[in-house]
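Letters go in sequence order (proteins before strands), and every chain restarts at 1. Below, all heavy atoms of this structure are taken into account, side chains as well, without hydrogens, waters or symmetry copies. Values in this document were obtained by computation on a predicted structure and should not be read as measured data.
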Number of protein chains: 2
Amino acid sequence: MPKQVDHEQRRTQIAEALIRASARLGLHAVGMRDVAAEAGVSLRLVQYYFQSKEKLLLFGLRHVTERFGQRVAARVRAAGDDPGPRAVIEALLGAALPADEESRVFHHLYTAYAVLSVTDDTLAAQPYIKEPDAAEATVTKLLTQAAADGQLRSGTDPHTEAVSLLALSAGLGTSVLVGQRSTESAAAVLSYHLDRIFLEPRLGP
Amino acid sequence: MPKQVDHEQRRTQIAEALIRASARLGLHAVGMRDVAAEAGVSLRLVQYYFQSKEKLLLFGLRHVTERFGQRVAARVRAAGDDPGPRAVIEALLGAALPADEESRVFHHLYTAYAVLSVTDDTLAAQPYIKEPDAAEATVTKLLTQAAADGQLRSGTDPHTEAVSLLALSAGLGTSVLVGQRSTESAAAVLSYHLDRIFLEPRLGP
DNA sequence: TGGTTTATGATACGACCGTATCAATGCTGG
DNA sequence: CCAGCATTGATACGGTCGTATCATAAACCA
């Protein structure tokens, strides 16, 4: 029984073609034929691995969020061996800004999916559309820890600040995406805001 | 020469049908026929007043931003005869949160247009997509005035705070739109953040 | 009344869409 | 070597889309 192909890998490969094609044409305008051409396979094969366009789109959303989560994790890991909470948060939020092409694509598509979810119940029911909840918990935990270590200004509420930082980051990301603001100025705003939360950071961990 | 109809009014009426239909079906899914049916006119008439769908969409973007600008202005006016800067800013940002249906629709469609503008140069060239610049200038001016009056905490930069507040408001609005957060909690975050900027407000102006 | 504007109607075009069908061809593991 | 999976190809269906065409009815003002 020959089964030389990893189905999940093929689906991933096609999903990445969907992402590239969507980044170029817009998620609203991309079709099965575009995805097939982008992936270098036949239309028939896209139908073979995804029975319908809806399933392809759902898998694409899942894939895009997974890829982004890995990216953020890598950035945080690259921030140092045992960085302080502020460095971790800055890496986390900084990775979410559309600074390079990969991040731009993520922002673009994730926002497109979010818009679709307003009128599409199936999309709205996907857990990935609410992934920010995980980030919120992470940042809250980091801020709580920083507060316990006396690194935060007085009167700072970790959870509210976490929500605020993530919303701020998302809003800045969108404005960068539409060309209203530069990546640098967005990063500066983030940094400014962190300065208003953290006391002077100790350099070592 | 009979000319009993105000063309601009008819175009506005059709544009509002576009907005209602788009809020129901999603901007990506709305067609000329949907707009005609929603407006209670014939498809032919939509073609008569807008020669193409692209022109209809551009007019719709213009209309939606104008309506929203009027709404915000009305809210600010309703905040009192001579309210302090904080009250004005809170009214301004609060009006931008998707608390009621009209505001939800605005957020939904404006975000949809923003996503389209990423891959559509004509849309990206529209000035309305960058309307936030005006809001940024307004809030900056209000904060500068508040700083001059000694109402701000020390170390507060009016322009950066203005950018920050607007991005925060936009990000919170999106999270409310997708059902991740309640309007109340979003308003609470905004209020919290304003407390971190303003000193105890004087009650009178 | 006549000419112009507003509006409707029916209809059709060509294009693209997602989906489906049927046949054919590799390739490979047992 | 051959059963079976992977992949392609050609093709077509019914549907919807934006757009266009032509005829026509009603409303209006000079």
Check DNA chain C against residues 10-25 of chain A and give the residues with a non-hydrogen atom under 4.0 Å, in numerical order.
none
Short question: side chain of Ser169(A), backbone of Leu166(A) - any donor-acceptor pair under 3.5 Å?
no
What is the distance from CG of Leu56(A) to P of dC17(C), rounded to the nearest Å?
14 Å
To the nearest angstrom, the CD-P distance between Glu8(B) and dT6(C) comes to 13 Å
Mark yes or no: Arg67(A) above the aromatic ring of Phe106(A), with NZ or CZ under 6.0 Å from the six-membered ring centre and no more than 45 degrees from the axis.
no
Whole Å only: how far is the CG atom of Leu43(B) from the C1' atom of dA20(D)?
11 Å
Donor-acceptor contact below 3.5 Å, side chain Asp6(A) vs main chain Glu8(A):
yes
How close or far is atom C1' of dG18(D) from atom NZ of Lys55(B), stated in whole angstroms?
14 Å
Under 4.0 Å, heavy atom to any atom of DNA chain C: which of residues 44-53 of chain A qualify?
Arg44(A), Gln47(A), Ser52(A), Lys53(A)
Does a side chain donor of either His193(A) or Glu161(B) reach within less than 3.5 Å of an acceptor in the other side chain?
no
How close or far is atom C1' of dC27(C) from atom CG of Asp6(A), stated in whole angstroms?
17 Å
Expressed as a whole number of angstroms, how long is the span from Arg33(B):CZ to dT16(D):P?
10 Å
Side-chain donor-acceptor contact under 3.5 Å, Gln13(A) with Arg10(A)
yes
Between His7(A) and dC5(D), is there a contact of a side-chain N or O with OP1 or OP2 at under 4.0 Å?
no
Atom CE of Met32(B) and atom C1' of dA15(C): how far apart are they, to the nearest Å?
16 Å
Closest of dC17(C), dG18(C), dT8(C) to the Ser42(B) side chain is dT8(C)
For Ser185(B) and Ser182(B), indicate whether the former's side chain and the latter's backbone hold a donor-acceptor pair under 3.5 Å.
yes
Are Arg153(B) and Phe198(B) in a cation-pi contact, defined as NZ or CZ under 6.0 Å from the six-membered ring centre and within 45° of the axis?
no
Any salt bridge between Arg71(B) and Asp100(B), counting N to O under 4.0 Å?
yes
So, are Arg86(A) and Asp195(A) salt-bridged, with charged N and O less than 4.0 Å apart?
yes
